[in-house]
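Each chain gets a letter, A, B and so on, in the order the sequences are listed, and its residues count up from 1.
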Amino acid sequence: MPPHMAAHHPSAASMQPPHHPTMHHPHHDLDCDPRELEAFAEHFKQRRIKLGVTQADVGNALGKLKLPGVGSLSQSTICRFESLTLSHNNMVALKPVLLAWLEEAEKTAREAKAAGGDLFGANGERKRKRTSIAAPEKRSLEAYFTIQPRPSGEKIAQIADKLDLKKNVVRVWFCNQRQKQKRMKFAAGMVPPH
DNA sequence: ATGCATGAGGT
DNA sequence: CCTCATGCATA
């Protein structure tokens, strides 16, 4: 069972525009432009659909690219990349990888224009269950989150008890809530209505 | 598309 | 215990 890959590493430099090897500027080197990321994500999705490839297909195909330190990704991650619902850093890290796949896929598509193509498999393994927090409890959690996004372990236990939920469920809920606040769509560039 | 969860690495 | 990247399961 192949575990996850290392969290963040700088091993992603496959196709940067030709810079002058004789000199480089002290600032602005990596593209961390939210605008550019957004544009790329949009174009990526459009191209992917044009190629008739699903998000899951892309995820699996990434593993076949044999790029250094790059394995397969899930449909979830591809979906989140396209909808910018990932952290800024995560978007920046995934962009070069998805770009590499896109170029490869378009090249292959061009070549396959003269032959028949087919590649599909099926699978059916279901297991794990998912806890579902009811609406009333969710509203309470959201209210607590508004006044205290990072409650102490004791406070979490107290909330869990009051809502009749497992402490771990509540803890994880807060963790996930914090992560959501850091997603591109909610972090910066989007001010609350009115 | 999204909710709840896991695991690695950090404090 | 947290953050962060990521994914299974499910709406």
Under 4.0 Å, counting only non-hydrogen atoms across every strand here, what does [X] touch: a base, just sugar-phosphate, or nothing?
| X | value |
| --- | --- |
| A:K138 | sugar-phosphate |
| A:K45 | sugar-phosphate |
| A:Q55 | sugar-phosphate |

Partner of A:E106 by salt bridge (Lys or Arg N to Asp or Glu O under 4.0 Å), out of A:R47, A:R48, A:K50
A:R47
Between [X] and [N], is there a side-chain N or O to OP1/OP2 distance below 4.0 Å?
| X | N | answer |
| --- | --- | --- |
| A:K167 | C:dC1 | yes |
| A:S87 | C:dA5 | yes |
| A:K129 | C:dA9 | no |
| A:R80 | B:dT2 | no |
| A:K180 | C:dA5 | no |
| A:N89 | C:dC4 | no |
| A:T77 | C:dG7 | yes |

Is there, by distance only and without an angle test, a donor paired with an acceptor across the side chain of [X] and the base of [N] below 3.5 Å?
| X | N | value |
| --- | --- | --- |
| A:N176 | B:dA5 | yes |
| A:S76 | B:dT2 | yes |
| A:R128 | B:dG3 | no |

Between [atom2] of [N] and [atom1] of [X], the distance in whole Å:
| X | N | atom1 | atom2 | result |
| --- | --- | --- | --- | --- |
| A:Q177 | C:dC1 | CD | C1' | 18 Å |
| A:R178 | B:dG3 | CZ | C1' | 16 Å |
| A:M184 | B:dT2 | CE | C1' | 19 Å |
| A:Q75 | C:dC8 | CD | P | 10 Å |
| A:F174 | C:dC2 | CZ | C1' | 14 Å |
| A:F81 | C:dG7 | CZ | P | 14 Å |
| A:N168 | B:dG7 | CG | P | 12 Å |
| A:E142 | B:dG3 | CD | P | 10 Å |

Nearest-nucleotide pick for A:R150, side chain only, options being B:dA5, C:dC2, B:dA1
C:dC2
Among C:dT6, C:dT10, C:dT3, find the nucleotide with the atom closest to the side chain of A:R130.
C:dT10
Which comes earlier along DNA chain C counting from the 5' end, the contact point of A:R171 or that of A:Q179, where each point is its nearest nucleotide?
A:R171
Apply salt bridge (charged side-chain N to carboxylate O under 4.0 Å, His left out) to A:E38 and A:R35, showing your working.
CA-CA 5 Å; A:E38 182 169 0; A:R35 291 164 298 130; over 6 Å; no
Quick one: NZ on A:K138 to CH2 on A:W173, what's the gap to the nearest 0.5 Å?
9.5 Å
Rounded to the nearest 0.5 Å, what separates atom OG in A:S140 from atom CD1 in A:I133?
11.0 Å
Treating Ile, Leu, Val, Met, Phe, Trp and Tyr as nodes and any side-chain heavy-atom pair under 4.5 angstrom as an edge, say whether A:L51 and A:F40 lie in one connected cluster.
yes
Using modelled atom types only, decide if a donor and an acceptor are shared between the side chain of A:R178 and the backbone of A:P149 within a distance under 3.5 Å.
yes
